[in-house]
A.B. asks: 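Here's a structure for you.
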Amino acid sequence: MATILGQNQYGKAENRVVKITRDGDTHHIKDLNVSVALSGDMDDVHYSGSNANVLPTDTTKNTVYAFAKEYGIESAEQFGIHLARWFVNSQEPIQKARIRIEEYSWSRIATSDANSKFIGSDEVNHSFVREGQETRVTQITYDGKNWEVISGLKDLVVMNSTNSEFWGYVKDKYTTLKEAYDRILATQVSARWRFNWSDDEQRMPNWEKSYAETRKHMLQAFAETYSLSLQQTLYQMGSRIINHRSEIDEVRFSLPNKHHFLVDLEPFGLKNDNEVYFAADRPYGLIEATVLRDGVDARIPVDMTNL
């Protein structure tokens, strides 16, 4: 039976690069996990084993580290753009580059007023602590002409301890869930948003400001929405982003409902007045949806597992 080669790509995955920028005694950290995937004229290496068009994956790894030195890391998006442009423009057989980046946040450690007696400095600006579990992510795709930048975050855990209800739903013979008129609403946000910047003729967004503002609007919408369903909250989060950030056309969320169930304290002669809950980690409701600017086509994959 005859066979043909289908879609293929190759590269070096999960290159951990930490860039320290020294501004006198004040240091700044960028901590990235960079994955490179290249595709193009690669038929021969699959059919005959000829490596004539193959840029070694080890070279892509070296490029990541060299670019961190040569260009610095202004933002995850800007760093990915530098890499994608280089791979496509410097190697004729490479026709498309996809760069995926996770960024791990660090915050400066505040020190006591008496720290000078230990290290001889009135202010410490080189000590950091890793922030929570939230991870910033981005994916840059470039084909030599057009750009696609999809950024976002994952593992951002948020909770509203009130102003959430869930009632009026369909009930059948298997329904046991009681209607709730004052419940905890908690989720672990995984979100991706697509920028409408797509070619070098357009003005490039300020990636750092865009991320900070998008995250801010997302959290504000979560906090300020009186929720009758997680779906409603999701839509408000996406709408707030689209309405406030003109550089973003599409947002997709995957929101697991981190259920909190009231504990029955009656056997102990105690009344549970929405005070004590059991936090269940599984199974969980999973709410997913895309929010779009009117007139824009959806392009973020429905399944964001590998995005």
A.B. asks: Is there any ring-ring contact (aromatic ring centres under 6.0 Å, His included) pair reaching into residues 215-236, and which pairs are they, with sequence neighbours excluded?
C.D. replies: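 Applying ring-ring contact (aromatic ring centres under 6.0 Å, His included) to every pair that reaches into residues 215-236, excluding sequence neighbours, yields H217-H244.
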
A.B. asks: When you look at Q188 and D155, which way does the side-chain hydrogen bond (donor to acceptor under 3.5 Å, both in side chains) test go after all the steps?
C.D. replies: CA-CA 5 Å; Q188 183 169 307; D155 299 331; 2.9 Å; yes

A.B. asks: Indicate whether the side chain of R245 and that of T214 have a donor and an acceptor atom separated by less than 3.5 Å.
C.D. replies: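 Short answer, no.
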
A.B. asks: Out of L32, I140, I99, which residue meets the side chain to side chain contact (heavy atoms under 4.5 Å, CB included) rule with F79?
C.D. replies: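 So, applying the side chain to side chain contact (heavy atoms under 4.5 Å, CB included) to F79 and each of L32, I140, I99, only L32 qualifies.
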
A.B. asks: Check P283 against H259 and note the closest heavy-atom contact, atom names and distance.
C.D. replies: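 Here P283 and H259 meet closest at O-CD2, 3.9 Å.
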
A.B. asks: Can we say R215 and E134 salt-bridge, meaning some charged N sits less than 4.0 Å from an Asp/Glu carboxylate O?
C.D. replies: yes

A.B. asks: I'd like to know if the side chain of D199 pairs up with that of W147 as donor and acceptor (distance under 3.5 Å, no hydrogens or angles considered).
C.D. replies: no

A.B. asks: side-chain hydrogen bond (donor to acceptor under 3.5 Å, both in side chains) for R252 and T290? Distances and angles first, verdict last.
C.D. replies: CA-CA 4 Å; R252 182 162 180 82; T290 299; 2.7 Å; yes

A.B. asks: Just checking, R136 and Y104: is the charged tip under 6.0 Å from the six-membered ring centre and within 45° of the axis?
C.D. replies: no

A.B. asks: Each residue besides V157 in its hydrophobic cluster should be listed here, by chain and number; the cluster joins Ile, Leu, Val, Met, Phe, Trp and Tyr at side-chain heavy-atom distances under 4.5 Å.
C.D. replies: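 Direct or chained contacts put V157 with none.
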
A.B. asks: In terms of side-chain geometry, is the basic nitrogen of R183 or E165 positioned less than 4.0 Å from the acidic oxygen of its partner?
C.D. replies: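 Looking at E165 together with R183, the answer is no, because their closest N to O distance does not fall below 4.0 Å.
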
A.B. asks: Taking 4.0 angstrom as the limit, do E247 and R194 come out as a salt bridge?
C.D. replies: no

A.B. asks: Considering non-hydrogen atoms only, spot the tightest contact between N15 and Y65 and give its length.
C.D. replies: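 Between these two residues, the closest heavy atoms are C-OH, 4.1 Å.
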
A.B. asks: Determine whether W193 and D249 satisfy the following criterion, side-chain hydrogen bond (donor to acceptor under 3.5 Å, both in side chains), listing intermediate values before the conclusion.
C.D. replies: CA-CA 8 Å; W193 47 87; D249 277 353; over 6 Å; no

A.B. asks: Would you sort out whether S151 and T138 count as a side-chain hydrogen bond (donor to acceptor under 3.5 Å, both in side chains), showing the intermediate values?
C.D. replies: CA-CA 4 Å; S151 295; T138 191; 2.8 Å; yes

A.B. asks: Could you walk me through whether E179 and K171 pass salt bridge (Lys or Arg N to Asp or Glu O under 4.0 Å), step by step?
C.D. replies: CA-CA 10 Å; E179 293 186 337; K171 302 178 182 68; 2.8 Å; yes

A.B. asks: If only side-chain N and O atoms count, and only distance matters, is there a donor-acceptor pair under 3.5 Å linking K12 with T57?
C.D. replies: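 A donor-acceptor contact under 3.5 Å links the two side chains.
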
A.B. asks: Rest of the hydrophobic cluster containing F261 (Ile/Leu/Val/Met/Phe/Trp/Tyr, side-chain heavy atoms under 4.5 Å)?
C.D. replies: V263, L265, F268, L270, V276, F278

A.B. asks: Out of the candidates N53, L5, N51, N8, only one should pair with V45 under the side chain to side chain contact (heavy atoms under 4.5 Å, CB included) rule; please name it.
C.D. replies: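 Running side chain to side chain contact (heavy atoms under 4.5 Å, CB included) over N53, L5, N51, N8 with V45 returns exactly one hit, N51.
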
A.B. asks: Between the side chains of K271 and E266, is the shortest nitrogen-to-carboxylate-oxygen separation below 4.0 Å, so that they form an ion pair?
C.D. replies: no

A.B. asks: Can we say D200 and K145 salt-bridge, meaning some charged N sits less than 4.0 Å from an Asp/Glu carboxylate O?
C.D. replies: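 So D200 does not pair with K145 through a salt bridge.
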
A.B. asks: Report yes or no: is the cationic atom of K209 (NZ for Lys, CZ for Arg) under 6.0 Å from the centre of the six-membered ring of Y211, at an angle within 45° of the ring normal?
C.D. replies: no

A.B. asks: Between R299 and E148, does at least one N-O distance fall below 4.0 Å, as a salt bridge requires?
C.D. replies: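 Looking at R299 and E148, the cut-off is met.
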
